[in-house]
Amino acid sequence: MLKPGDTLVIASHNSGKIKEIREMLAAFSLNLVSARDLNIAEPEETGTTFVENSVLKATSIMEACQLPCLADDSGLCVEALNGAPGVYSARWAERANGERDFNYAFAKIFDSLDRSQSYSAQMRCVLTLSFPQGAIHSFDGIVNGHISLPPRGEHAFGYDPIFTPEGYNQTFAQMDPSLKSQISHRRHAFKQLVKFIS
Ligand code: IMP
């Protein structure tokens, strides 16, 4: 399926995701390149679920480069907002000029909530492997926790400064990145992927 030395394309332009995925696959001696390295644009995310968008990104980039591809579709789901921003997590951070500003997304989330409270939420990640021979496999990872303001932490990636996982009192952005990496939604999805490719 995938053996040491094989090329695997990370179907993303998101530096935070690419960094975490590289670290999680470091032990496999794969030749990891990203869609950004190959100048392949990400497709428009027209799906309404994490699985649909993950499969869409993995297959569209695989078709463009004819190499095995790994996509990650992920985001924050807030219970009090019926699962929003969910698959629209990236779009909630986009200002009218197209720039991503997560403080803007945090304000949108808390505008209809009491800013002094904490609210149940999940981080979710669906990884999809897509191969030129046609096989497609998805792996779903979830971490439960809560969101609260103000944003806390230096290791800022996306919604990390407002998300505290269950059983901890630091946000993902306050934790040492190696701790986040052991307990995150992405790690849960990766555990299944690693079992599959090992
Ligand atoms: P997409 O998967 O490209 O649609 O984007 C997912 C959005 O969720 C991005 O805006 C990310 O910043 C955010 N996101 C994904 N994973 C994480 C994470 O581990 N921590 C914080 N935010 C994340």
Side-chain angles (χ1 to χ4, degrees), residues 9-25 34-36 40-61 69-78 81 83-95 98-109 121-130 138-149 151-166 168 170-191 193:
V9 178
I10 303 170
S12 182
H13 285 232
N14 181 315
S15 324
K17 279 188 194 174
I18 295 170
K19 183 168 176 283
E20 290 192 7
I21 292 171
R22 278 188 174 283
E23 284 164 7
M24 289 187 191
L25 286 174
S34 70
R36 188 177 57 191
I40 302 173
E42 289 190 63
E44 199 188 332
E45 296 185 24
T46 52
T48 55
T49 65
F50 290 107
V51 174
E52 278 174 19
N53 281 336
S54 186
V55 169
L56 182 75
K57 286 189 271 193
T59 48
S60 127
I61 291 175
C69 283
L70 171 62
D72 167 320
D73 199 64
S74 43
L76 174 74
C77 306
V78 181
L81 299 177
V87 291
Y88 306 107
S89 291
R91 269 167 265 183
W92 274 43
E94 268 169 30
R95 286 193 175 274
E99 262 176 40
R100 264 190 205 163
D101 175 354
F102 280 90
N103 286 314
Y104 178 59
F106 303 161
K108 271 199 212 169
I109 290 173
Q122 291 183 329
M123 286 267 202
R124 191 148 166 226
C125 170
V126 175
L127 297 171
T128 298
L129 279 172
S130 172
S138 293
F139 310 90
D140 196 343
I142 292 175
V143 64
N144 291 308
H146 66 266
I147 52 156
S148 58
L149 285 179
R152 289 178 292 144
E154 299 303 311
H155 308 287
F157 161 33
Y159 293 90
D160 282 351
I162 60 162
F163 183 80
T164 303
E166 213 168 79
Y168 295 83
Q170 289 183 309
T171 66
F172 267 166
Q174 288 176 301
M175 288 179 177
D176 190 287
S178 63
L179 175 58
K180 177 192 169 188
S181 164
Q182 285 168 41
I183 63 171
S184 74
H185 49 315
R186 193 159 287 109
R187 171 65 68 188
H188 290 304
F190 256 96
K191 280 186 186 156
L193 180 144

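Ligands are counted one by one from 1 in listed order, and the atoms in each one are counted from 1 as well.
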Determine whether the side chain, the backbone, both or neither of Glu42 has a heavy atom under 4.0 Å from any heavy atom of ligand 1.
neither
Is the distance between the ring centroids of Phe139 and Phe190 under 6.0 Å?
no
Any atom of ligand 1 sitting under 4.0 Å from a heavy atom of Gly75?
yes
Give the atoms of ligand 1, by number and element, whose distance to some non-hydrogen atom of Met123 is under 4.0 Å.
20 (N), 21 (C)
Atoms of ligand 1, numbered as shown, that sit under 4.0 Å from any heavy atom of His185
16 (N), 17 (C), 18 (C), 19 (O)
Among all protein non-hydrogen atoms, which one is nearest to atom 16 (N) of ligand 1, and what is the separation to 0.1 Å?
Arg186 NH2, 2.8 Å
Purely on distance, is any nitrogen or oxygen of Asp160 under 3.5 Å from one on ligand 1?
yes
Answer yes or no: is there a donor N or O on one side and an acceptor on the other, between the side chain of Ser130 and the main chain of Cys69, under 3.5 Å?
no
Return the closest protein heavy atom for atom 2 (O) of ligand 1 as residue, atom name and distance.
Lys17 NZ, 2.7 Å
Decide whether an N or O pair under 3.5 Å exists between Asn14 and ligand 1.
no
Taking C-beta and beyond as the side chain, do Met123 and Asp160 meet within less than 4.5 Å on heavy atoms?
yes
Show me which atoms of ligand 1 lie under 4.0 Å from any heavy atom of Asp72.
2 (O)
Tell me whether Tyr168 contacts the main-chain N or O of Met175 through its side chain, where contact means a donor paired with an acceptor under 3.5 Å.
no
Backbone of Val55 reached by a side-chain donor or acceptor of Thr59 within 3.5 Å:
yes
To atom 18 (C) of ligand 1, the nearest of Arg187, Glu45, Lys57, Lys180 on a heavy-atom basis is Lys180
Checking a contact table here: which protein heavy atom is nearest atom 6 (C) of ligand 1, and how many Å away?
Ser74 O, 2.8 Å
Non-hydrogen atoms of Phe157 versus ligand 1: any pair closer than 4.0 Å?
yes
Give me the nearest non-hydrogen protein atom to atom 22 (N) of ligand 1 as residue plus atom name, then the distance to 0.1 Å.
Tyr159 N, 3.0 Å
Within 45° of the axis and under 6.0 Å from the centre of the six-membered ring of Phe50, does NZ or CZ of Arg124 qualify?
no
Number the atoms of ligand 1 from 1 as they appear, then name those within less than 4.0 Å of a heavy atom of Asp73, with their elements.
1 (P), 2 (O), 4 (O)
Look at the side chain of Asp73 and the backbone N and O of Val126, then say whether any donor-acceptor pair between them is shorter than 3.5 Å.
no
Would you mind running through ligand 1 and noting each atom that sits below 4.0 Å from a heavy atom of Phe102?
10 (O), 12 (O)
Subset of ligand 1 atoms that lie under 4.0 Å from at least one heavy atom of Ala90:
5 (O), 7 (C), 10 (O)
